[in-house]
Trainee: 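Right, I'll just put the structure down here and ask away after.
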Amino acid sequence: MDQIASNIGLLIDYPVVNLKIIIDGVMIGALFALAAYGLALVWGVMNVKNLAQGDFVIGGGYVSWWLVKNVGLHPLLGVPAAFVVMALLGGALHGTPVHQWARSQKKPMIIVSLVTGFVFIVATYLGDSAGSIAGYAGMVLTILLIINGGIYNLVISRVIERDLFTSLLATFGLAIMGAQIMNLLFGSDTQSLDLGYDTLYFADGLIDIPIAKLIGVIMAAALATVVIIFMKRSRMGQAIRATAQDARAARVLGIDTEKVYAFTFSLNAAICGAAGAIIVMVWVIQPFYGITYSVRAFVIVTAAGLGNLPGVIAAGLGIGAAEQYGSHVFGIGYQQAIAVMLLLAVLVFRLMQQKRNRQVLQ
Amino acid sequence: MKLTSITLAVGAMMASTAIASAADCETITLGSAISLTGKYATNGVHAKNGYEFAIKKIDEAGGIKFGGKCYNFNVIYYDDESKGDRGATLAERLISQDKVQYMLGPYSSGLTKAIAPVTEKYGIPMVEAEGASRSLFNKGYKYLFAVLSTSEQYLASAVTLAGEKAVEGGKTAGDVKVAIAVENDPFSLDIRAGVMEDAAKLGMKIVIDEKLPRDLSDMTAILTKVKLVKPDLLVVSGHSKGAATAVRQIGEQKISTPMIALTHCEAADVTGNFGAAANDILCATQWSETLSYSDPIFGTAAEYEVQFKAAYPEYASKKVPYQTAQASAAVYVFKDAFERAASLDKEKVRDAIAATDMKTFYGGIKFSEAGNNIAKPMVLRQIQDGAYNVVAPSAFASHKVNWPRKTN
């Protein structure tokens, strides 16, 4: 209790700290918003509640981390790289000529996957982690190509438009698998990339903005903008929105909804991957951190509602700031509790609102 | 040329006789459930390598000799997947199905806590090297022994050091303000208790006392507070994620606290990952290869490091973690106890372990009534230009502590 009082006292004694807390919160909130936007997309379009959302984020982080550490890629280029790799893993090639070609070329593809699999086993045996990961990645990618384009056909295509529990269970399984595979491939240690950039200071050093963080947030904002424009302007974006509104009507009007689903899912995986690649250069990742991002994404989407893009962004930034405030006042141990409490508050408020509406109807 | 070939031949002969004598020995089977997968996998493997290395060294030195016979150790390992319930099940299986009579510990206090009731129930002596929580040693366990220092001692010496520095600077120890941020798990809470106790003894003031969440990736909120209240000592313990997050953000936010003490610096590889940001940070360690301990099997601490790296080339580019050294020490305790007991009877072995009083490359080992090691102090190392140098306690210090920390 004393601690809480003195913490609030600090906020009053040093008003500029409020600004710092909001800045920190908005920065992390921007990445929550990115993951949440992807979730809103698959939830709204495909009615899939993706519990593996956070694991896609961490997966993207590891893709970037691995490329930087083993191939010598610049960390900033890790973001587009993670975007592409996660899109492929998600199923971006589903239904494309490449996918059709891969299906027609089953025999050579199987040989490639066997060879890369062999490389994986030998490299693992020799303790060469770079070779083992490269071999494993090659094997997984070719196998995914043979059966289709990615996780989409393997799991997600089977649960679209099914009931709540099927998609929750399937993606929960995906989340557990994903975390364990990352643990086996990359080890359980915390990882992070240091860009070595300086930090900007304001207000006698009380406000600090690491340039790496700033770049990360700008990249997140740029990605979000591109996705929004894409959804508004492109044919595919229109098709996605049409499918979200009424899948059957969209099919009648000649939209290949199967393709739209695969594309949406891989777009989500790609967005998450990019978010993860930003997170690894600003914060830290660990194979089992996925759940924290999943929880935030669910809280944000539930609070903002589906198909409400400005709402998702506002809720993301708001939750980031609220968490920072909460952890300043109550202690950092309550950070996640605050996110969940906020969700509860929003749900109660929503219920009351609806009740009022219903009474009006009566 | 000739000389080298002769030495080679002699060496080969000696090696072959050693192998021959070892092959004649009988086998003593130990059991261990250890984390080979899951979140503790990295450290679990460090511990397993430590066990295996010690077994090899003991074998090369002629095995365990008593009653005119010689024995070698063999360990049955099961993977506990870093889960407590799995660990307890596997301990049960080792004892009742594999008929294991002696156990080596798992990795982490949590797993040890899960397994200890099982070994206790069957009266199986367990020497563990990786469970430091002091809550393991207040349950009255008779068959549990730990070679490492208990966790409340980890950062307590940093408190003493901060007090000494305050006195040197013309102030009193009572003027020192301490900030504590630890994870909410048994191990880190012990560290907090140790720091609080010692701080209270010296009359220091605790200005920040926070618990870190399990999935910590951002601690700017705490560090902002540190900037405002300006403590003289900041203590952070949250396994490798705590160390990584702390060092990264202390560097980013230019925290100017004169003394910062962490655990798990090596596991998080803070020097490799964050370079200059890690400079002058104090790190607690159970063991360091620069210490002047030695024994007849492993030689000195420095020799242990060299030999271990030769046997496990994957460690060549990094420091041998203390988790490995203490695992080897646990196997050594068993060897010593078997020879003194001169028997395979588990009760006699248990009593021999309880009476252990030995000097090893890892430090002195002597068990209290409760089973924890009271003969070995914790060591504080400071990261000085990327190197870990022992700075406290002063009896073992190889370097002077840099105080106050320089902030870049």
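Below, each value reflects all heavy atoms present in this structure, side chains not excepted, and no hydrogens, waters or symmetry copies.
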Trainee: Minimum heavy-atom separation for K227(B) to L206(A), with atom names?
Mentor: NZ-O, 4.1 Å
Trainee: Side chain, backbone, both or neither: which part of V284(A) has an atom under 4.5 Å from a heavy atom of chain B?
Mentor: both
Trainee: Which atoms of D24(A) come close to chain B, meaning under 4.5 Å heavy atom to heavy atom: side chain ones, backbone ones, both, or neither?
Mentor: side chain
Trainee: Sort N43(B) into side chain, backbone, both or neither according to what part of it lies under 4.5 angstrom from a heavy atom of chain A.
Mentor: neither
Trainee: As an exercise, state the distance from OG1 of T224(B) to NZ of K20(A), rounded to the nearest 0.5 Å.
Mentor: 3.5 Å
Trainee: Under a 4.5 Å heavy-atom cutoff, which of Y201(A), F330(A), Y14(A), Y325(A) has the most pairs with chain B?
Mentor: Y201(A)
Trainee: With a 4.5 angstrom heavy-atom cut-off, which part of Q249(B) approaches chain A: side chain, backbone, both or neither?
Mentor: side chain
Trainee: Could you tell me whether Y315(B) atom OH has more than 12 heavy atoms of other residues or ligands within 6.0 Å of it?
Mentor: yes
Trainee: With a 4.5 Å heavy-atom cut-off (strictly below), which parts of residues 229-242 of chain B touch chain A? List them by number.
Mentor: V229(B), S240(B), K241(B)
Trainee: Looking at NZ of K254(B) and CG of D198(A), how far apart are the two atoms once the value is rounded to the nearest 0.5 Å?
Mentor: 5.0 Å
Trainee: Donor-acceptor pair, Y334(A) side chain versus P213(B) backbone, under 3.5 Å?
Mentor: no
Trainee: Taking atom CZ of R248(B) and atom CG of L193(A), what is their separation to the nearest 0.5 Å?
Mentor: 7.5 Å
Trainee: Is it the case that more than 12 heavy atoms not belonging to K318(B) sit under 6.0 Å from its NZ atom?
Mentor: yes
Trainee: So what's closer than 4.5 Å to chain B heavy atoms on N7(A): side chain, backbone, both or neither?
Mentor: side chain
Trainee: Taking atom CG of L228(B) and atom CG of L10(A), what is their separation to the nearest 0.5 Å?
Mentor: 5.5 Å
Trainee: Among T292(A), I332(A), T190(A), which one satisfies side-chain contact (heavy atoms from CB on, under 4.5 Å) with L216(B)?
Mentor: I332(A)
Trainee: Ignoring hydrogens and geometry, is there a side-chain-to-backbone donor-acceptor pair from T199(A) to Q253(B) under 3.5 Å?
Mentor: no
Trainee: If you count heavy-atom pairs under 4.5 Å with chain B, which of Q286(A), Q335(A), M281(A) comes out on top?
Mentor: M281(A)
Trainee: Using side-chain heavy atoms (C-beta onward) and a distance below 4.5 Å, is Y293(A) in contact with S217(B)?
Mentor: yes
Trainee: With chain A as the partner, which of N184(B), T220(B), D215(B), T245(B) has the greatest number of non-hydrogen pairs under 4.5 Å?
Mentor: D215(B)
Trainee: In terms of heavy-atom pairs under 4.5 Å, which option from E252(B), E210(B), K211(B) contacts chain A the most?
Mentor: E252(B)
Trainee: How far does CG of N273(B) sit from CG of D194(A), to the nearest 0.5 angstrom?
Mentor: 8.0 Å
Trainee: Looking at CD of Q180(A) and CD of E81(B), how far apart are the two atoms once the value is rounded to the nearest 0.5 Å?
Mentor: 8.0 Å
Trainee: Please flag which part of Y197(A) lies under 4.5 Å from any non-hydrogen atom of chain B: side chain, backbone, both or neither.
Mentor: neither
Trainee: Please state whether the side chain, the backbone, both or neither of E323(A) comes within less than 4.5 Å of a heavy atom of chain B.
Mentor: neither
